Number of protein chains: 2
Amino acid sequence: MSKSNNVYKDAFNRCLRLLDETQSLPSEPELGTLLGVSRTTVRSILSRMEETGLIAWNKRNKTVLRTPRPEDFFPEEETDSLAEIIERSFMRRLLAGGAEAGMQINELELAREIGVGTTSVREFLIRFSRFGLIEKRRNSHWVLKGFTRAFALELTEIREMFELRSAAAFAALPQDSAVWADLDRLEVEHRQLASDIATRFNEFSELDERLHRLIHRASHNRFIVDFYDVIAMIFHYHYQWNKAEERQRNEVAIQEHLAYIAALKSRDPAKVDTACRKHLKSARQTLLSSIPEGRQAQPADGTLSGTFARA
Amino acid sequence: MSKSNNVYKDAFNRCLRLLDETQSLPSEPELGTLLGVSRTTVRSILSRMEETGLIAWNKRNKTVLRTPRPEDFFPEEETDSLAEIIERSFMRRLLAGGAEAGMQINELELAREIGVGTTSVREFLIRFSRFGLIEKRRNSHWVLKGFTRAFALELTEIREMFELRSAAAFAALPQDSAVWADLDRLEVEHRQLASDIATRFNEFSELDERLHRLIHRASHNRFIVDFYDVIAMIFHYHYQWNKAEERQRNEVAIQEHLAYIAALKSRDPAKVDTACRKHLKSARQTLLSSIPEGRQAQPADGTLSGTFARA
DNA sequence: GTAATGTCTTTTATCGTGAAAAAACATTTT
DNA sequence: AAAATGTTTTTTCACGATAAAAGACATTAC
């Protein structure tokens, strides 16, 4: 097996959702742009849609024949890229416990357990190393540094430095900048979510990321913008892992965001600074409270995953 | 060819230099630690040394028979790791000109031109991407962002933020911390270099890196420490590229370093801040002055290297 | 009995290979 | 002639295979 066709399958599924809305599909290049894939992939999608009787396809004519049924879709798990599969699998092991700082990471074993080639695992580890959780020993294995309290403190220290600076830069942006419209839109979405908090509290993390990324972008500094990838990754898995009091936490965070947004709109540096600090402080608390003081919990079944071995 | 034995060759050369100093070599594990390689490699080295008549080897007895001759050494170019070869080759292309922002990077072509497999090039690009000079398009090629003025400004902005914080943390370190001895040692080396500047000015960049790394380590923050890799990489190639006024620049920098060291030793936050700012400001000037305003120069022979292609 | 050497096993680093996907080129349609 | 479709070429992605290097285990020496 050389390469999975997840790009095609994922784009196919997304294209199926498009069928609901129109009677005929646009041109091949247009579809390619829409789905973010090449024309080659678009044509594979169209071929299959024709075969399964979803559309009639003759050159420029792509007429929708019927609404897609559940069985037309490829299974969700077949649409993930290898990198996503490896990341999820790796993070599960990391957070599931038994993964103590100093343990060795075995590429070959990780690859075997996930059922992928070693090259993909190696490339994942290299990419992942920038998050500061693992480290490579020259011509040898990787070492796990652990998702510890120290890690969280180091991460938040940088985050606070970067976000205070970005927020200040944001507030100083000219009135006619497009960001103010983006901010208004985010404010509306925050208010909607706040009023619907009882049922939609789990939608907060996506909104959170969008607001912070918008603010960070005002720094116009690629290192600051890129660093948000580290934060986003950590918070993504942290949210999945720590569901305790999720609703209440998010409710508080939404209010802090609204205050933060108001401060930004005031364009008063002092107010921005205060609101930003307040929110970052509680974000840090949330993250820290989810990390046990000493070490990670042991796995439920009492066995150690083979991926991480004691040094 | 699956893997070059550069680890062995490099360790062999380093071991040869050890022969000058002693009549007999230490135990295998000891040698391994000394050279930073495994016993397997140590034994290969000893085997060859025995074969070429450099030593007599019988179990624990490793007697030196003769001083190594130039022809005993492996050629320098055979001791580089693939990663180093690829990095040098890539940076040469990048800095040699003709590499404008927005150009595409072709993995396959790069691999062919350097004469290595695509896997190694891919891994290099992934590792290199954290420097912020290239960016990956999803399921597609890499894009060159270019070694531009904007890049230098973004880099120095972060550097200044991090170093001011690290320097403050450094000055606050307890008197009995080991770093003060390290700092004293560096001060001595700076004074020695200053008095010998006429002949040894090119040794400054190594000293520069050591001082800044020592200071950054005081932050106790892995992201700050790791970020120095970006700075070190840029300055490394920048120094190789821009030799104009090198001696004078280094002379000035040494004096700034001495003032900076004195400020740190005074442990007065205000003095540290002033000295640090002053040095960072001139470092930024030096870097910026080497980057042409508009774009990189065109290659001398008028042809475009195939590695980078217009978008 | 500790620490070395000798031997065997496992892991890492790198390549060539082949399918998926992108990109380039050629042809047709409007 | 601009923009689509049809066709071919190139590049990316991922794998298995193999030599280098590390690591583990067994044996010997002090």
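Below, read A as the first sequence line, B as the second, and so on, with proteins coming before strands; counting in each chain starts at 1. The model shown is predicted, which means the values in this text are computed figures rather than measured ones.
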Exercise. C/dA22 C1' sits how many Å from A/N5 CG, rounded?
Worked result: 15 Å
Give me the distances for all protein-to-nucleotides 4-7 of chain D N/O pairs that come in under 3.5 Å?
from, atom 1, to, atom 2, distance (Å)
D/dT5, OP1, A/K62, NZ, 2.7
D/dT5, OP2, A/E28, N, 2.9
D/dG6, OP2, A/R43, NH2, 2.5
D/dG6, O5', A/R43, NH2, 3.4
D/dG6, N7, A/R39, NH2, 2.6
D/dG6, O6, A/R39, NH1, 2.8

For this session: With sequence neighbours left out, write down each residue that passes ring-ring contact (aromatic ring centres under 6.0 Å, His included) with A/F73, or none if nothing qualifies.
Result: none
Seminar exercise, completed: Counting primed atoms, P, OP1 and OP2 as sugar-phosphate and everything else as base, the B/S/- map of nucleotides 11-19 of chain C against protein heavy atoms under 4.0 Å is SBSBBB-BB
For this session: Provide, to the nearest angstrom, the distance between the CZ atom belonging to A/R48 and the P atom belonging to C/dA21.
Result: 13 Å
Seminar exercise, completed: Whole-Å distance, A/L46 CG to C/dA21 P, equals 15 Å
Exercise. With a cut-off of 6.0 Å (strictly less than), are more than 12 heavy atoms of other residues, nucleotides or ligands near CZ of A/R138?
Worked result: no
Exercise. Atom CD1 in B/I105, atom CG in B/L94: separation rounded to 0.5 Å?
Worked result: 7.5 Å
Problem set entry | For atom CD1 of A/I114 and atom C1' of D/dC15, their distance in whole Å | 15 Å
Seminar exercise, completed: When the rotation axes relating C1' atoms of four end pairs to the next four are compared across the helix from C/dG1-D/dC30 to C/dT30-D/dA1, five pairs an end, they differ to 10° by 30°
Exercise. Is the shortest side-chain N to carboxylate O distance from A/R213 to A/D229 below 4.0 Å?
Worked result: yes
Exercise. Does B/F90 have any ring-ring contact (aromatic ring centres under 6.0 Å, His included) partners at least two apart in sequence or in another chain, and if so, which?
Worked result: B/F124, B/F128, B/F308
Problem set entry | Those residues that, when tested against B/F227, pass ring-ring contact (aromatic ring centres under 6.0 Å, His included) (two or more places apart) | A/F223, B/F162
Exercise. Roughly how many Å is it from CZ in B/F124 to C1' in D/dC13, rounded to a whole number?
Worked result: 19 Å
Exercise. Do B/V121 and B/L125 have side-chain heavy atoms sitting under 4.5 Å apart?
Worked result: yes
Exercise. Should B/L19 and B/L25 count as side-chain neighbours, where that means a heavy-atom distance under 4.5 Å?
Worked result: yes
For this session: Determine whether more than 12 heavy atoms belonging to other residues, nucleotides or ligands lie under 6.0 Å from atom CD of B/E77.
Result: yes
Problem set entry | Sidechain N-carboxylate O distance under 4.0 Å for A/R88, A/E84 | no
Exercise. Cut-off 3.5 Å, side chains only: do B/R93 and B/S89 have a donor facing an acceptor?
Worked result: yes
